[in-house]
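Remarks on the structure that follows.
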Protein chains: 2
Amino acid sequence: MMRKPTIDDVAREAGVSKGLVSLALNGRPGVSAAARERIDAAAAELGWRPSTNARSLAMKRAYSLGLVVRRDPSTFEADPFFAAYVAGVESVLAAHGQVLVLSVVPDHETETQTYRRLIADQRVDGFLLTDLLESDPRIELIAGLGGRAVTLGRPQGESPFPAVTRDYASGIESLLTHLAELGHRRVAHVAGDENMQHARTRLERHREVADRLGLETVVEHTDFSPEQGMDATRRLLARPDRPTAIVYANDPMAFAGIAVAHELGLDLPGELSIAGMDGSDMGRFVYPTLTTLDNDPAGWGRASTQALLDLVERGQAADVPLPPAALIVRASTTAPTATA
Amino acid sequence: MMRKPTIDDVAREAGVSKGLVSLALNGRPGVSAAARERIDAAAAELGWRPSTNARSLAMKRAYSLGLVVRRDPSTFEADPFFAAYVAGVESVLAAHGQVLVLSVVPDHETETQTYRRLIADQRVDGFLLTDLLESDPRIELIAGLGGRAVTLGRPQGESPFPAVTRDYASGIESLLTHLAELGHRRVAHVAGDENMQHARTRLERHREVADRLGLETVVEHTDFSPEQGMDATRRLLARPDRPTAIVYANDPMAFAGIAVAHELGLDLPGELSIAGMDGSDMGRFVYPTLTTLDNDPAGWGRASTQALLDLVERGQAADVPLPPAALIVRASTTAPTATA
DNA sequence: TTGAAAGCGCTACCAA
DNA sequence: TTGGTAGCGCTTTCAA
């Protein structure tokens, strides 16, 4: 079996020095067209692929990006955002010959260690920061270690990293307008973990818009888990002034809400309208099918990866606003049945 | 800012050659206790961590494992196996200072390219092969490229790679016995993609056990997607000899089945018992809560990763049998209501 | 048991 | 525009 061709083989074959091959490979200026041509031909003929390991050593680069997910498996399992997000990440990473290093950790301490280890060992060139907290310690941690990152959402404090953001105001407005037009007056909001950036903005937008539309709002707080989504739903449905519609800050809690409603024997969606906020595909396979906002996780994946690559490779990157989340009306929202 | 210490710094500090530091670092014989001690002390004092990049270049190793998932995002999204599996993988990988490279690809062609690229660029030392097909072309592909892997499940043909397996016979036997004892006589099986190894074994076990217990079986075939799970359920419930219980080859289809039953206005679980087979946590947050088999995805993750590391590092690894899948009885299975 | 030196396959720098 | 050479930080001979 023949050994893998190296840059020396290509240089010899093309009759040039390996320095020149390097320049040509990286599309750098200062290589004559003729030389470039012979180099390309030689590389193609030998089937040469530059060694990532050698480049990494010389460049002090990993040519990979890191994603560290802290979650207990049960919550992670239900997360409809994740899969499509990673697919989006992959699509741009592959085009750049880079890879994604994924880590799933159970707790905060392991999380911190993981970031440290990945940076110290130069396993990644930057991090994708999902599940952003309002005041996220990872930003300081990574910046302090000399690492780079991009945030999904804009953190509260100062951040040296680019942020990818999506406007939820219009989506939530569409959703609540939709409910108001159906005749709902009491619309509850089951909020997520308020330390999390998107939980808080979703709740704030809900409050604002509901006020403007003259809707009565009750809020229940959770940690985004289906478990707490169930509890919140039970509390809401036990109220004397039971809401006729419940908006959940994510889809998994909405599914749990549907389960509770079934358990209580409510007629859905007549006796209770339900909406989620992740645009999950699973929403098409529950009864009734779930009204939600289209969150386009793959779009988040592509945008955040591109921004991070820009930062890593060009030293800077601008914030990226994603198109506003759009309303997806399915069967779980309808006019409330008149109650005696 | 001080530069990262290298092996030379440690050697100098300890007053030895760097070759000796290398031996000590890797726990190799031929280093005196005294030298080893001074080296350890020097390394600790300087806070030295060997450069993964340099080792990779010298050793032609990536110190990372690859997981390539081919799935359209909608199916992936619903996959309760994946998250806990990766968490299990991580737990052993981190202890070995290695990382997981994850790739999510949409189709077979991209999948093949991804394996080729990862091997050619030496980005990973081996692959975890999930979603095993009965006759899986990835085995030949990877073996042909000189790569290594471990399979989750045992493939039909010859395989040079170790296999991690779990016995489902006893779990399926427990499940069907449970249903038989509740009084069910017609138990349908909604099978998954028959090209997939676990889909076929689950179906075969179901048939065997049902025969033995004298249960009548109807089988519907699907591709494991909730979408087809819905269709299959509709067909089953439209039959004149409608089954009183349906066993689904995975949990997402079982959820879809529950949705269809609700849609048709069936009283669950009385009029229809439903069971899944992934032991998903989500099963606790639907109504009725889902009876299923405990698949322990994290266990799969730990075992397959350990086997692959053994193979990569010691050149060989044995097959690993996991404990049999156990029955988890929840609310979705009950005695069938007597029909007039 | 230890040290010196070569090599892994690239990039970067300095002359020419 | 090019070639030669010196790294990047390890591991692995081969002598001593």
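A note on names: the letters A, B, ... follow the listed sequences, proteins ahead of strands, and every chain is numbered from 1. Source: prediction; values computed, not measured. Only heavy atoms go into these numbers, but all of them, side chains included; no hydrogens, no water, no symmetry mates.
- Tested against A:R154, the residues A:D319, A:D167, A:D136 include a single salt bridge (Lys or Arg N to Asp or Glu O under 4.0 Å) partner, A:D319.
- Put simply, B:S22 has a side-chain N or O that comes within less than 4.0 Å of OP1 or OP2 on D:dT11.
- Using a 4.0 Å heavy-atom criterion, one finds that A:S32 contacts the sugar-phosphate atoms exclusively.
- Remark: P of C:dC8 and CG of A:D9 are 11 Å apart, rounded to the nearest angstrom.
- Using a 4.0 Å cut-off between charged nitrogen and carboxylate oxygen, A:D131 and A:R70 do not count as a salt-bridge pair.
- Rounding to whole angstrom units, CZ of residue B:R55 and C1' of D:dC8 are separated by 16 Å.
- The interatomic distance linking A:L23 (CG) with C:dA12 (P) rounds to 9 Å, in whole Å.
- Of the two residues contacting DNA chain D, namely A:P29 and A:K18, the nearest-nucleotide position lying further toward the 5' end is that of A:P29.
- Under the 4.0 Å criterion applied to side-chain N and carboxylate O atoms, B:E313 and B:R148 are not assigned as salt-bridge partners.
- Of the candidates C:dC10, D:dT11, D:dG3, D:dT11 carries the atom nearest the B:I7 side chain, counting heavy atoms from C-beta on.
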(request) Report the C-alpha separation of B:V105 and B:V68 in whole Å, then their side-chain angles, then the decisive distance to 0.1 Å, and conclude whether the side chain to side chain contact (heavy atoms under 4.5 Å, CB included) test is met. (result) CA-CA 7 Å; B:V105 299; B:V68 179; 4.1 Å; yes

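- Counting any heavy atom pair closer than 4.0 Å across all strands shown, A:N26 reaches sugar-phosphate atoms only and no base atom.
- For C:dG3, the OP1/OP2 oxygens have a side-chain nitrogen or oxygen of B:S17 closer than 4.0 Å.
- Atom CG in B:L20 sits roughly 15 Å away from atom C1' in D:dA15 (whole-Å rounding).
- Summarising the geometry, the separation between CZ on B:R28 and C1' on D:dT12 is reported as 9 Å, rounded to the nearest angstrom.
- Listed candidates were D:dG9, C:dA12, C:dC10. Nearest to the side chain of A:M59 is C:dA12.
- Minimum atom distance to the side chain of A:A58 is reached by D:dC8, of the listed D:dT12, D:dC8, C:dG7.
- Checking B:G19 against B:G30, the closest nucleotide of DNA chain C that is more toward the 5' end is the one next to B:G30.
- Remark: C1' of C:dG9 and CG of A:L25 are 12 Å apart, rounded to the nearest angstrom.
- For the pair A:L57 CG and C:dG7 P, the computed distance is 17 Å after rounding to whole Å.
- Atom pair B:R61:CZ and C:dG9:P shows a separation of 17 Å (rounding to whole Å applied).
- Between the side chains of A:E90 and B:S103, at least one donor N or O lies within less than 3.5 Å of an accepting N or O.
- At least one side-chain nitrogen or oxygen of B:K60 sits closer than 4.0 Å to the OP1 or OP2 atom of C:dG9.
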